[in-house]
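Structure first, then comments.
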Amino acid sequence: PVRHSVCWHRSGRRRRGVSAEVSAVVSSTGYRGAGAVLRPVLALQAALLVSVVSNLGRIPVFSTGDATNAPLLVNDIAVAIVIAAGLMVAARNRSLRMDDVAITAALFALVGGLSAVAAVPKYGLSGFELAVSLAYLARWLFYFALYVVIINTVSRRDVEGVWKALEWMLLAFALFGIVQSLFLPGFAQMVYPDSRVRFDWDEQGHRLVSTVLEPNIAAAMILLGLLVHLGRLSTGANVAGWKPLVLFTALVMTLSRSGALALLVGGLVILAARGLSKRVMQFGAALLVLLAVSLPRLIPFMQQYDKLSFGGSAAGRLVNLAQVLTAFLDSPWIGVGFNTFGFYMERQGVDRMGLPFQSSDGGLLFAAAMTGVIGVGIYCMMLFAVFRRCRAVWRSPHFTPDERGLCLGVAAGIAALCAHSLFVNSLFSTAVLLPLWALWGLTFAIRTNAGAEPIPTTGSIPCAVVLTGA
């Protein structure tokens, strides 16, 4: 049988099987059989649109033994359909491509699994506690499979359609959040009236939580779309001005200090890469006017939720960071175990308070606490591989302004999320990972999955590992 695969060398030259163009067409078109057409790209677009449901579509699956349920989300079902479609195409083509990002993600998961197993004798975890910890690792890999499907089935010409689906999902998420913030205070308690404060959902009042029901995670999701818009503005791409304005307004209404810090970090990345363009200056001026007009209402709003002081939640996050640092120092090489942080703290005499307290603030420091220097080192390699790919695109004149702007926004999003996750565990939230990994996959499609379209041969392109059937 024909091997439909393309491998890129670091020199930028392609090594063809029978035809690189045939491979791209097969991957983009999907599996044709029995008169039906299965298109993973269409399934992906539908899944991204459906993901706006987020935590409004929760199906309890099993209890963790402390009155906390581990749910199945509508998003999970949508992602499963995309993965199934991708696997059928891979089986049909007898080809599965794994790039350096996918390989490092698999290595990180391996280290995470080994660290969780190692925590059993070290901290006295039960078999059930180990199963709970590994279940989230399996969930993390399950969502990452979305990236693998994208790099195998999405071509360069499909990128804009997939981005539009993601963009409209984020805009709907933001617009609903604005309405919820204005007219539906305490929205999480409205949706789940039997939920327990702190154990399940915090009381957030008029803060924007949208369908994810958590303002800081909502800020991280909105931020990913906003930075792509800013990246595209900086490269001269056509962006309707109301779209980033809606996302920025929603971001402000979350009252998320971590979101504000992340926007600053992401903006600095874009500024360092492209300088201060006229369009970005015009948009920035519009935002300043908007902020100036809203300050009389915004300041009392922030004071109401204690967002202008370093007490309250800010002080609590410093305590969390100290706990994460203690855990890292306790097991610096392989960590205390992936998703075992709550069980570890329980052994230290701290009340775990349910499944949500398996995680903590700290970002990359929290990753180091879970998986040690080895795990966080591999994780950083994965981030660097995506950033390097994005940098190669935004610096090249061979790509369109839309493509360069998207990749610049994704790179800025990586830096922004690393800053954001210092104060909330956004790096490991599946609500954030779904759009994040979809965007990562699109950067691969822009850089590598070009089909018959011309690809620049300058610069360094990571070699894609292709597993093919004989």
Side-chain angles (χ1 to χ4, degrees), residues 159-160 163-164 166-167 170-171 174 219-295 298-299 383-384 386-423 426 435-436 439-440 442-443 446-447 456 458-459:
V159 167
E160 197 61 25
W163 158 247
K164 287 298 181 185
L166 177 56
E167 179 188 43
L170 291 174
L171 288 169
M221 294 173 63
I222 293 166
L223 189 70
L224 292 175
L226 179 57
L227 288 174
V228 171
H229 283 155
L230 294 179
R232 287 190 156 187
L233 283 172
S234 72
T235 58
N238 185 27
V239 178
W242 67 269
K243 293 180 179 180
L245 187 61
V246 165
L247 294 180
F248 179 79
T249 302
L251 180 64
V252 171
M253 295 179 75
T254 64
L255 291 186
S256 172
R257 289 174 292 197
S258 56
L261 174 64
L263 178 60
L264 175 63
V265 172
L268 288 175
V269 171
I270 294 173
L271 184 63
R274 297 290 304 173
L276 197 58
S277 68
K278 181 179 178 180
R279 297 184 70 198
V280 172
M281 288 179 64
Q282 290 173 341
F283 180 71
L287 293 186
L288 288 176
V289 172
L290 178 65
L291 281 175
V293 171
S294 62
L295 276 180
L298 183 60
I299 291 177
L383 297 181
F384 178 73
V386 180
F387 194 94
R388 181 181 58 183
R389 176 196 303 158
C390 292
R391 181 176 179 270
V393 173
W394 92 59
R395 288 167 59 93
S396 172
H398 297 281
F399 296 94
T400 68
D402 284 333
E403 292 170 336
R404 288 186 284 117
L406 187 144
C407 288
L408 177 54
V410 172
I414 292 173
L417 276 185
C418 287
H420 183 275
S421 61
L422 284 171
F423 307 103
S426 51
L436 177 69
L439 287 170
W440 286 11
L442 293 186
T443 66
I446 291 170
R447 181 65 171 154
T458 59

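By convention here, the first residue in the shown sequence is residue 1.
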Residue pair [X] / [Y]: nearest heavy atoms and the distance that separates them:
{"X": "Pro435", "Y": "Leu166", "answer": "CB-CD1, 3.7 Å"}
{"X": "Phe399", "Y": "Arg404", "answer": "O-NE, 3.2 Å"}
{"X": "Thr254", "Y": "Ala219", "answer": "OG1-CB, 3.7 Å"}
{"X": "Ser277", "Y": "Ser234", "answer": "OG-CA, 3.8 Å"}
{"X": "Gly266", "Y": "Ala412", "answer": "O-CB, 3.5 Å"}
{"X": "Val239", "Y": "Pro244", "answer": "CG1-CD, 4.0 Å"}

Kindly determine whether Lys164 and Glu167 satisfy side chain to side chain contact (heavy atoms under 4.5 Å, CB included), including the steps that lead there.
-> CA-CA 5 Å; Lys164 287 298 181 185; Glu167 179 188 43; 3.4 Å; yes
Of the options Val265, Leu170, Leu263, which is the one that meets Leu223 in a side-chain contact (heavy atoms from CB on, under 4.5 Å)?
-> Leu263
Stepwise, does the side chain to side chain contact (heavy atoms under 4.5 Å, CB included) test hold for Leu383 with Trp440?
-> CA-CA 10 Å; Leu383 297 181; Trp440 286 11; 3.6 Å; yes
Should Leu406 and Val393 be marked as a side chain to side chain contact (heavy atoms under 4.5 Å, CB included) after you check the CA-CA gap, both sets of side-chain angles, and the distance that decides it?
-> CA-CA 9 Å; Leu406 187 144; Val393 173; over 6 Å; no
Close side-chain approach of [X] to [Y], heavy-atom, < 4.5 Å:
{"X": "Ile270", "Y": "Leu408", "result": "yes"}
{"X": "Arg232", "Y": "Asp402", "result": "yes"}
{"X": "Leu255", "Y": "Leu298", "result": "yes"}
{"X": "Leu245", "Y": "Leu287", "result": "yes"}

Nearest 0.5 Å please: distance from the [atom1] atom of [X] over to the [atom2] atom of [Y].
{"X": "Leu230", "Y": "Phe248", "atom1": "CG", "atom2": "CZ", "answer": "9.5 Å"}
{"X": "Glu403", "Y": "Ile446", "atom1": "CD", "atom2": "CD1", "answer": "5.0 Å"}
{"X": "Arg274", "Y": "Arg279", "atom1": "CZ", "atom2": "CZ", "answer": "11.5 Å"}
{"X": "Leu422", "Y": "Leu417", "atom1": "CG", "atom2": "CG", "answer": "11.0 Å"}
{"X": "His420", "Y": "Leu224", "atom1": "NE2", "atom2": "CG", "answer": "9.5 Å"}
{"X": "Leu227", "Y": "Ile222", "atom1": "CG", "atom2": "CD1", "answer": "12.0 Å"}

Polar side-chain atom of Ser294 near backbone of Leu290 as donor-acceptor pair, under 3.5 Å = yes
Hey, is the main chain of Ala411 close enough, under 3.5 Å, to the side chain of Arg391 for a donor-acceptor pair?
-> no
Verify side chain to side chain contact (heavy atoms under 4.5 Å, CB included) between Trp163 and Val228, making sure each step is shown before the conclusion.
-> CA-CA 10 Å; Trp163 158 247; Val228 171; 3.6 Å; yes
Do Arg389 and Thr443 pass the side-chain hydrogen bond (donor to acceptor under 3.5 Å, both in side chains) test, and can you show the C-alpha distance, the side-chain angles, and the key distance before you say yes or no?
-> CA-CA 7 Å; Arg389 176 196 303 158; Thr443 66; 3.0 Å; yes
